[in-house]
Enquirer: 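Structure provided below as structure tokens; questions to follow.
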Amino acid sequence: MSQLLRVQNFNVSRDGFGAGDGQSLERPFGHADPGVLFAWAGATASWHMRTGPGGSRGLDDYMIRDYDHNIGAEIMGRNKFSPQRGPWEDHEWRGWWGDEPPFHTPVFVLTHHVRPSFTLSDTTFHFVDTDPATVLEKAREAAQGKDVRLGGGATTIREFLDADLVDTLHVVVSPIELGSGARLWESPDDLLDRFHCDVVPSPSGVTHHLFWRK
């Protein structure tokens, strides 16, 4: 395959949830505490939000450094882009990331309520109301031969898995339980009918699950 659809560094709890209930402007991950869920990433030397020196090296840092490698476009669900639901009431909302989004590529946001594209720095956001196969075709064209990252959230990843479009997944399991929310899986074994899997524990306490198509 010349262009892969890749899930990278997607974080879930031990019971399979990528976010909690009750997402809002104040709580982007609902009742889940992102400081706990993503503690492994924030501790690395290569974490994109690091403002000072230091940070860990090793396995977790390697995974963070690989995040942008050969990525030419991203697909995400609306819930990753915004806490708003229904028709857009605020077109001034331009994502959680400020004027310098961390993507540096075209980003395709799946939504039933389209709005005009806009550009922040070197990232352009496009809003599309279509099926997974069609948006993947658009993203591959925009990626100009590079791979496409499927950024989440969990519901969006499930839609692409159900459509059998995902080529590789890197899922990080944190040692916490959420009990409810947006669930990626009941168990990682759910994917073993279609994917090979290596499971690599990290000294930080998380476990990296690396899936690739059979």
Enquirer: Please check: side-chain N/O of His209 versus main-chain N/O of Val199, any donor-acceptor pairing under 3.5 Å?
Expert: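 No: the side chain of His209 does not pair with the backbone of Val199.
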
Enquirer: Give the C-alpha distance, both sets of side-chain angles, the deciding distance and a yes or no for side-chain contact (heavy atoms from CB on, under 4.5 Å) between Val148 and Phe108.
Expert: CA-CA 10 Å; Val148 176; Phe108 293 83; over 6 Å; no

Enquirer: Search all heavy atoms of Asp66 against all heavy atoms of Gln8 and return the closest pair with its distance.
Expert: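 It is O-NE2, 3.2 Å.
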
Enquirer: Which residue pairs pass the side-chain hydrogen bond (donor to acceptor under 3.5 Å, both in side chains) test when at least one of the two sits in residues 31-43, sequence neighbours left out?
Expert: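 Qualifying pairs, neighbours excluded: Asn11-Trp40.
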
Enquirer: Give me each pair satisfying salt bridge (Lys or Arg N to Asp or Glu O under 4.0 Å) with a member in residues 82-101, each pair once, sequence neighbours excluded.
Expert: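 Those involving residues 82-101 do not exist here.
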
Enquirer: Can you list the other members of the hydrophobic cluster that holds Tyr62, where links are side-chain heavy atoms under 4.5 angstrom apart?
Expert: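 Taking Ile, Leu, Val, Met, Phe, Trp and Tyr as members, Tyr62 shares its hydrophobic cluster with Leu59, Met63, Val200, Leu210.
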
Enquirer: Between Ser174 and Val12, is there a side-chain heavy-atom distance shorter than 4.5 Å?
Expert: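 Counting from C-beta outward, Val12 and Ser174 never come under 4.5 Å.
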
Enquirer: For His112, give me all partners under side chain to side chain contact (heavy atoms under 4.5 Å, CB included), at least two apart in sequence or on another chain.
Expert: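 For His112, the residues satisfying side chain to side chain contact (heavy atoms under 4.5 Å, CB included) (neighbours in sequence not counted) are Asp129.
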
Enquirer: Just do the side-chain contact (heavy atoms from CB on, under 4.5 Å) check on Tyr67 and Trp47 with the steps written out, would you?
Expert: CA-CA 10 Å; Tyr67 182 72; Trp47 178 237; over 6 Å; no

Enquirer: Per the salt bridge (Lys or Arg N to Asp or Glu O under 4.0 Å) rule, what does the pair list look like for residues 7-29, sequence neighbours excluded?
Expert: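 Matches after skipping sequence neighbours: Arg14-Glu177.
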
Enquirer: Looking at Lys146, Lys138, Arg140, Lys80, which hits salt bridge (Lys or Arg N to Asp or Glu O under 4.0 Å) with Glu74?
Expert: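 With Glu74 as partner, salt bridge (Lys or Arg N to Asp or Glu O under 4.0 Å) holds for just one option, Lys80.
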
Enquirer: With distance as the sole test, does Arg213 use its side chain to make a donor-acceptor pair with the main-chain N or O of Val166 at under 3.5 Å?
Expert: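 Yes: the side chain of Arg213 pairs with the backbone of Val166.
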
Enquirer: For Asp68, what residues pass the salt bridge (Lys or Arg N to Asp or Glu O under 4.0 Å) criterion, not counting sequence neighbours?
Expert: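 So Asp68 forms a salt bridge (Lys or Arg N to Asp or Glu O under 4.0 Å) with Arg149.
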
Enquirer: List the residues meeting salt bridge (Lys or Arg N to Asp or Glu O under 4.0 Å) with Arg50, not counting sequence neighbours, and say none if there are none.
Expert: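 Partners of Arg50 by the salt bridge (Lys or Arg N to Asp or Glu O under 4.0 Å) criterion come out as none, since no residue qualifies.
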
Enquirer: What I want to check is whether the side chains of Ser46 and Thr44 have a donor and an acceptor closer together than 3.5 Å.
Expert: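 Result is no, nothing qualifies.
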
Enquirer: Go through the structure and list residues passing salt bridge (Lys or Arg N to Asp or Glu O under 4.0 Å) with Asp61, not counting sequence neighbours.
Expert: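 By the salt bridge (Lys or Arg N to Asp or Glu O under 4.0 Å) rule, Asp61 matches Arg57, Arg65.
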
Enquirer: Checking Arg194 now: which residues fulfil salt bridge (Lys or Arg N to Asp or Glu O under 4.0 Å) with it, not counting sequence neighbours?
Expert: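 In terms of salt bridge (Lys or Arg N to Asp or Glu O under 4.0 Å), with neighbours along the sequence ignored, Arg194 is linked to Asp164.
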
Enquirer: With the side chain counted from C-beta on, respond yes when Trp93 and Leu25 share a heavy-atom pair under 4.5 Å apart, and no when they do not.
Expert: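 A side-chain contact exists here, since the closest heavy-atom pair is under 4.5 Å.
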
Enquirer: For a side-chain contact (heavy atoms from CB on, under 4.5 Å) with Leu4, tell me which candidate from Asp147, Ile71, Asn70 qualifies.
Expert: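 For Leu4, the side-chain contact (heavy atoms from CB on, under 4.5 Å) test succeeds with only one of Asp147, Ile71, Asn70, which is Asp147.
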
Enquirer: Return the set of residues passing side chain to side chain contact (heavy atoms under 4.5 Å, CB included) with Thr123 (not counting sequence neighbours), or none when no residue passes.
Expert: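 Expected list: Pro101, Phe103, Val107, Phe125.
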
Enquirer: Only counting residues at least two apart or in another chain, list the ones meeting side chain to side chain contact (heavy atoms under 4.5 Å, CB included) with Leu165.
Expert: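 Leu165 satisfies side chain to side chain contact (heavy atoms under 4.5 Å, CB included) with Leu5, Pro132, Ala133, Leu136, Phe160, Ala163 only.
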
Enquirer: Among Ile, Leu, Val, Met, Phe, Trp and Tyr joined by side-chain contacts under 4.5 Å, find the other residues sharing a cluster with Val36 and list them by chain and number.
Expert: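 Answer for Val36: Phe17, Phe29, Leu37, Phe38, Ile176, Leu178.
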
